[in-house]
J.: 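For reference, the structure I am asking about is given below.
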2 protein chains.
Amino acid sequence: MTLPDGRRQILSFLLPGDIVSTVLLFEPVSQCSVEAITEVHYRIFNRNELKDLLLKHPYLSDKLFRLWIDEKARANQLAVDLARSTADERIARLILNLFDRLARRGMARDQTIDFPLRQHHIAGATGLTVVHVNRVLSEFRRASLIETNERSLTILDPIGLRRAANM
Amino acid sequence: MTLPDGRRQILSFLLPGDIVSTVLLFEPVSQCSVEAITEVHYRIFNRNELKDLLLKHPYLSDKLFRLWIDEKARANQLAVDLARSTADERIARLILNLFDRLARRGMARDQTIDFPLRQHHIAGATGLTVVHVNRVLSEFRRASLIETNERSLTILDPIGLRRAANM
DNA sequence: CGCAAGGTTGAAGCGCATCAATGTAAGTGG
DNA sequence: CCACTTACATTGATGCGCTTCAACCTTGCG
């Protein structure tokens, strides 16, 4: 989401299989924009076909509600994190979060995940400055919580990182 | 929403006519709790009856989607505000927001609204401490932006307050 | 009266922003 | 192949915004 003053807030990172937002399934609302960091495969839905389909197959509605519930829960959690957490906690949670979501997709090996985010993406998602993101990541590396190669990230000390995240 | 450490984050203030959350219409999920500040009139829905009703009357589904869209938009805006605004902006926005929502319901007279919130509620909603909320409100009063009586609030300088809110 | 809830004010300090400089690697055109 | 640029990461110095801690005041209430 881009602010009037040109800054931006990243509200979520989409992983393979995610839909952009349940809201968009019904209305072409564009409070926000979507940007690709990696190569992307995507598909689109025809809104009218989708509505007909939902009326015909109630079990699809149930699946949709589930998505909706999850989306709202994550939105709430995001607000809480942004309002109540320190920089360390926000960044540690972001990493753990991405790790869990990728692991659930079988996209984590050992404790390592692909990590195409630049520091300014982390800053955009956590509401911090790039400079401070850099310091926190350096601190995490110095404490041997994580290790970062060019485009991947390894969690060396899951317990320590979870402690930093206050989780 | 109550945090593990006992603090809480207020995600929204419900006004007459609001539903608690569209999510709750379909699943008894309770990530959050609801607390009454004033006397309250409420009604409840039977989830199964509601689902049947929605299948029979598509125009109801449309209304529901509208609620859903608004709810998500407000959740996003909340995250952005919490991540990117100063204390002054957050508090000014909270006041302007409540004022607009009440005005739309015909519940504002002149520039005055009922305002049953205590300072700790404002703190809970903005992610600030009570002490700082107090200072900001004092500042707003000194600058003649607002005036507060026991349980009401008057916007003396809408333009100035909007400027403080960065809107 | 004593107590609880809410509001106000001051002093001190930390967390993060801001500003600025420096480094490195990859890409681009002459 | 070199000069230049662009993107990203890193580091230091300084300061503001907000928290924290603490005290004190007012009001309403059992």
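Each chain gets a letter, A, B and so on, in the order the sequences are listed, and its residues count up from 1. Hydrogens, waters and symmetry mates play no part in the numbers below; they use all other heavy atoms, side chains included.
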J.: Going by atom type alone, with no hydrogens or angles, which donor-acceptor pairs under 3.5 Å involve a side-chain atom of residues 69-76 of chain B and a protein atom two or more places apart or on another chain?
T.:
| residue | atom | partner | partner atom | Å |
| --- | --- | --- | --- | --- |
| B:E71 | OE1 | B:T22 | N | 2.9 |
| B:E71 | OE1 | B:T22 | OG1 | 2.6 |
| B:E71 | OE2 | A:K72 | NZ | 2.8 |
| B:E71 | OE2 | B:S21 | OG | 2.8 |
| B:K72 | NZ | A:E71 | OE2 | 2.7 |
| B:N76 | ND2 | A:Q31 | OE1 | 3.3 |

J.: When the distance from CD of A:E150 to C1' of C:dA26 is rounded to whole Å, what number comes out?
T.: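 It works out to 10 Å between those atoms.
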J.: By side-chain hydrogen bond (donor to acceptor under 3.5 Å, both in side chains), which residues pair with B:K51, not counting sequence neighbours?
T.: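 B:K51 satisfies side-chain hydrogen bond (donor to acceptor under 3.5 Å, both in side chains) with no residue once adjacent residues are dropped.
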J.: Could you tell me how far apart A:R142 (CZ) and D:dA9 (C1') are, to the nearest whole angstrom?
T.: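 Taking atom C1' of D:dA9 as the reference, CZ of A:R142 is at 15 Å.
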J.: Quick one: what's the B/S/- string for nucleotides 14-22 of chain C, heavy-atom cutoff under 4.0 Å, read 5' to 3'?
T.: --BSBB---
J.: Pick out the pairs of N or O atoms, protein on one side and nucleotides 4-7 of chain C on the other, that lie under 3.5 Å.
T.:
| residue | atom | partner | partner atom | Å |
| --- | --- | --- | --- | --- |
| C:dG7 | OP1 | B:R118 | NH1 | 3.4 |
| C:dG7 | OP2 | B:Q119 | N | 3.0 |

J.: Classify the angle between the aromatic ring planes of B:Y59 and B:H57 as parallel (below 30°), tilted (30 to 60°) or perpendicular (above 60°).
T.: perpendicular
J.: Once ring-ring contact (aromatic ring centres under 6.0 Å, His included) is applied, do any residues pair with A:F99, and if so which ones, sequence neighbours excluded?
T.: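 With neighbours one apart ignored, the set is empty.
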J.: Which donor-acceptor pairs under 3.5 Å do side chains of residues 141-151 of chain B form with protein atoms, sequence neighbours excluded?
T.:
| residue | atom | partner | partner atom | Å |
| --- | --- | --- | --- | --- |
| B:R141 | NH1 | B:T148 | OG1 | 3.0 |
| B:R142 | NH1 | B:E139 | OE1 | 3.0 |

J.: Classify the ring geometry between B:F65 and A:F26 as parallel (under 30°), tilted (30 to 60°) or perpendicular (over 60°).
T.: parallel
J.: Taking five pairs at each end of the helix from C:dC1-D:dG30 to C:dG30-D:dC1, what angle separates the two helix axes (nearest 10°)?
T.: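 Axis-to-axis angle, ends of the helix: 30°.
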J.: Could you give the CG-to-P distance, from A:L137 to D:dT10, as a whole number of Å?
T.: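 So the CG-P distance, A:L137 to D:dT10, works out to 8 Å.
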J.: Could you name each residue pair satisfying side-chain hydrogen bond (donor to acceptor under 3.5 Å, both in side chains) that touches residues 121-133 of chain A, not counting sequence neighbours?
T.: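 Those involving residues 121-133 of chain A do not exist here.
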J.: Provide, to the nearest angstrom, the distance between the CZ atom belonging to B:R151 and the P atom belonging to D:dG28.
T.: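 Computing the B:R151:CZ to D:dG28:P distance gives 11 Å.
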J.: Tell me which pairs pass salt bridge (charged side-chain N to carboxylate O under 4.0 Å, His left out) where either residue lies in residues 90-99 of chain A, with sequence neighbours left out.
T.: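 Every salt bridge (charged side-chain N to carboxylate O under 4.0 Å, His left out) pair that includes a residue of residues 90-99 of chain A, provided the two are not neighbours, is A:D81-A:R93.
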J.: In whole angstrom, what separates A:I37's CD1 from D:dC8's P?
T.: 10 Å
J.: What is the distance, rounded to the nearest whole Å, between atom CG of B:N149 and atom P of D:dT26?
T.: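 Taking CG of B:N149 and P of D:dT26, I get 19 Å after rounding.
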J.: Does A:D110 have any side chain to side chain contact (heavy atoms under 4.5 Å, CB included) partners at least two apart in sequence or in another chain, and if so, which?
T.: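 A:D110 satisfies side chain to side chain contact (heavy atoms under 4.5 Å, CB included) with no other residue.
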J.: Quick one: list whatever passes salt bridge (charged side-chain N to carboxylate O under 4.0 Å, His left out) with B:E35, sequence neighbours left out.
T.: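 With neighbours one apart ignored, the set is B:R8.
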J.: Taking only residues two or more places apart in sequence or in another chain, which ones pass side-chain hydrogen bond (donor to acceptor under 3.5 Å, both in side chains) with B:T2?
T.: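 If we apply the side-chain hydrogen bond (donor to acceptor under 3.5 Å, both in side chains) test to B:T2, skipping adjacent residues, there are no hits.
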